[in-house]
2 protein chains.
Amino acid sequence: MPTSKDVAQAAGVAQSTVSYVLSGKRPISEKTRKKVEDAIQQLTYQPNAGARALASRRTRVIGLVIPFIPELHMASIMEFVSVIANTARLYDHDILLVTEDEGAPGLQRVVGQQICDGLILMQVEGDDERLPVVRSLHVPVVLIGIPHDPSGLVCIDADFEMAGEQCVQDLAAAGHTVISVLDWQPEVVDRHVNYVERFMSGTNKAAETLGVKVLHLPGGTDREVIGESVDKALAETTGVPAFIAPDGTVQDVLRRVLTSRGLTPGTDVSVIGSASPTLAELQPIPLSTIDLRPAEVSRRAVKIICDLLEAENQGPTESLELVPTVITHRASTLRPPHGS
Amino acid sequence: MPTSKDVAQAAGVAQSTVSYVLSGKRPISEKTRKKVEDAIQQLTYQPNAGARALASRRTRVIGLVIPFIPELHMASIMEFVSVIANTARLYDHDILLVTEDEGAPGLQRVVGQQICDGLILMQVEGDDERLPVVRSLHVPVVLIGIPHDPSGLVCIDADFEMAGEQCVQDLAAAGHTVISVLDWQPEVVDRHVNYVERFMSGTNKAAETLGVKVLHLPGGTDREVIGESVDKALAETTGVPAFIAPDGTVQDVLRRVLTSRGLTPGTDVSVIGSASPTLAELQPIPLSTIDLRPAEVSRRAVKIICDLLEAENQGPTESLELVPTVITHRASTLRPPHGS
DNA sequence: ACGCATCGTCGATACGCATCGATAATCACA
DNA sequence: TGTGATTATCGATGCGTATCGACGATGCGT
């Protein structure tokens, strides 16, 4: 492997000059720049990351802490991971995987050994046990998810409250007066991620404003449970029933149950789920969706941490960013009556 | 951040002694070891990864190249990623994410900058464009997937041929004489990953041995296509029809189509799919599965590369490892007749 | 033509650790 | 008690880059 010294020799300049050509931190004449760049090309020189980290005290690596809960919709987590990795490259950074299994000590490890300059935590719980450690780390950390006490932390997430409001508003506008909200599956609820309550609070808020009724019913992957929830909803509904199933897995089960009850989404029942546009279109009856915009959340998380790394002002920061959600009509919901 | 020099000072020894205590590469008296370890504790010392990499020429980081194809079952990819990351930790290594978007230059980048000591490539295609680059890199690389020409490469994958054989053997034993195999979805087939043909070859081999007939039919996510495939299968089948759908997405569509044709898996049709045990049990009718053992493949991939890193014999290696698949009976297939 | 500021480049040093050779301390054995 | 072999530790050096101070070269104004 060639070093910057080799490049310098080949170009007939000092090693420091090569360094300055690369960093641009001092003016370099067009002539020497050319010589150096040619030498770099010919030797296919690439700077050594370790040496660079040692000298500059920056690794240009961001640690990404990923959850692995079989019950969670892994496909969506993969979307976060993928977008985060690609976005990091745009800022000339790389992503180091840290699994949730390592817990809080894992965070201290990668930061303490200075393997990475900062961290992104996914799937942060309301009362996450890692928060004390996060606050004590002297590097930027961005949380995806909003803990109960976000003081002193930098957080970003989809605006679940807005999502809840949008769903209810939309169904109310379509003429529904009773709207049933299926909870996330128990495995998610038990994690105390507080997006669940934020979503529910949004539905309540909108319901109050619009004068419609919202039923909160148990979710899950158990067909029995969903069956009961649906039956209860039907019993308490006057007019056309409406369901909101923000959990991807729950909505799959819901679809089957509705079919077994002889109900057709878009005709004699309205359903809003959460799925990517591609997936929503693939359904037998295209699903109206509330888009929680994982890609946008991911991109912003990376931007935030890279900005913090750039700033390097050492002072503790605190911020909270909510990404607006988007609701999209498809065939699974009734159309709003004209002129209302 | 304390350095090993600080530790040395606190313990009243030389910096090199601290280093030897940590690495164990030279004998250290019990007394000094204790002093040094106490100092490490008190200062919460952690060695600097950059300096370590620079001095030892080893980063203890493995690059993992992940695919991102929306059509692919992202959930299963996430399982690979997660198990690989956790297993790497057992060998005291970390995982750096490299996205497929970076292509071959991405591999040269992470290796050239010496960000990682070796690579694991997922979802390797039969005629993967990155192979020439892989062969030219002077670091260990493990491929998950078998390219058409595996010479000079280290590969591991599930034994898809065995999987094909097992499925056919199993259905033949249950009394089926005509067995229909649905292809992977076109997006997968078009990638020329050759596990598709390995699987098909396995089914043919078993069919020939056992004297049963195997039909290869188009797969996909399009309900029309699967409908046609099913109808064709039914037309050509004498006795109870049997389907093998190795692609998770295809099998979902198949299930719906069979329902619409009034066929019940396990009663008047047999179905074998590929899914994790958990998922298989969750189906309305528990699905008989062929387990491709992603976790085991992942673990072995990590073991292989860590062994190669340990060996460090520089000489080019070549190996090919196939992980045995496991077939599991559940309610979706007929039971074999007694006494046969 | 002379002094002065600016530009472009060089040499030296530090970053934190691993590792090699050397040395002091200890021991076995004659 | 002296000699050689171990054992435990130290000091020095190198890994490849970033960065600081210094210095020669160049341009400007007068």
Side-chain angles (χ1 to χ4, degrees), chain A residues 1-37 39-40 43-61 92 109-117 309 312, chain B residues 1-37 39-40 43-61 92 109-117 309 312:
Chain A
M1 293 278 180
T3 70
S4 61
K5 207 168 147 190
D6 298 330
V7 173
Q9 197 163 3
V13 300
Q15 179 269 325
S16 54
T17 302
V18 174
S19 187
Y20 285 122
V21 167
L22 253 32
S23 71
K25 294 200 176 175
R26 283 210 182 164
I28 296 287
S29 72
E30 202 48 52
K31 208 174 65 185
T32 33
R33 177 193 311 284
K34 180 96 179 64
K35 277 194 298 183
V36 170
E37 280 170 354
I40 289 179
L43 298 176
T44 63
Y45 164 75
Q46 297 192 254
N48 178 294
R52 192 175 262 225
L54 186 56
S56 69
R57 317 183 132 285
R58 287 229 116 64
T59 63
R60 307 200 72 79
V61 170
D92 197 22
R109 182 179 69 83
V110 292
V111 171
Q113 297 185 4
Q114 298 177 55
I115 300 180
C116 46
D117 300 333
L309 287 173
E312 175 68 11
Chain B
M1 293 275 181
T3 69
S4 61
K5 207 167 146 190
D6 298 330
V7 173
Q9 197 162 2
V13 300
Q15 179 268 325
S16 54
T17 303
V18 175
S19 187
Y20 286 122
V21 167
L22 253 32
S23 71
K25 294 199 176 176
R26 285 210 181 162
I28 297 288
S29 73
E30 201 50 52
K31 208 174 65 186
T32 35
R33 178 196 310 285
K34 178 98 179 65
K35 279 194 297 182
V36 170
E37 280 169 355
I40 287 179
L43 298 177
T44 64
Y45 165 74
Q46 298 192 254
N48 178 293
R52 192 173 262 225
L54 186 57
S56 69
R57 318 184 132 283
R58 289 229 114 67
T59 64
R60 306 200 72 78
V61 170
D92 196 23
R109 183 179 69 83
V110 292
V111 171
Q113 296 185 6
Q114 299 178 56
I115 300 179
C116 45
D117 300 334
L309 288 174
E312 176 67 10

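Numbers restart at 1 for each chain; the letters A, B, ... are given by sequence-line order, proteins then strands.
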Exercise for the section: State, with a plain yes or no, whether a side-chain heavy atom of B/V13 is found less than 4.5 Å away from one of B/V18. Expected result: yes
Exercise for the section: For A/V18, report the nucleic acid contact type (base, sugar-phosphate, nothing); a contact means any heavy atom under 4.0 Å. Expected result: nothing
Handout entry: Range on DNA chain C touched by chain A - first to last nucleotide, heavy-atom distance under 4.0 Å
Key = C/dG8 to C/dG16
Distance, nearest 0.5 Å, that separates [atom1] of [X] from [atom2] of [Y]:
X      : Y      : atom1 : atom2 : answer
A/M1   : A/L43  : CE    : CG    : 13.0 Å
A/T32  : A/E37  : OG1   : CD    : 9.5 Å
A/I115 : A/T59  : CD1   : OG1   : 9.0 Å
B/S19  : B/K5   : OG    : NZ    : 14.5 Å
A/D117 : A/R60  : CG    : CZ    : 8.0 Å
A/R52  : B/Q114 : CZ    : CD    : 12.5 Å

Completion exercise
Once base and sugar-phosphate atoms are separated, protein heavy atoms under 4.0 Å mark nucleotides 13-20 of chain D, 5' to 3', with B, S and - as -BBBBBBB
Exercise for the section: Answer yes or no: does atom CD of B/Q9 have more than 12 heavy-atom neighbours from other residues, nucleotides or ligands under 6.0 Å? Expected result: no
Exercise for the section: Respond yes when some side-chain nitrogen or oxygen of B/T32 is under 4.0 Å from OP1 or OP2 of D/dT9, and no when none is. Expected result: yes
Fill in the blank from the handout: On a heavy-atom basis, the closest approach of B/L22 and B/Y45 is CD2-CE2, 3.8 Å
Practice task
List the atom of B/Q46, the atom of A/R109, and the distance in Å for their closest heavy-atom pair.
Solution key: NE2-CA, 3.6 Å
Completion exercise
From NZ of B/K35 across to C1' of D/dT9 the rounded distance in Å is 10 Å
Problem - Watson-Crick or G-U pairs under 3.5 Å in DNA chain D, rendered as dot-bracket with [ ] for crossing pairs and | for another strand - result: ||||||||||||||||||||||||||||||
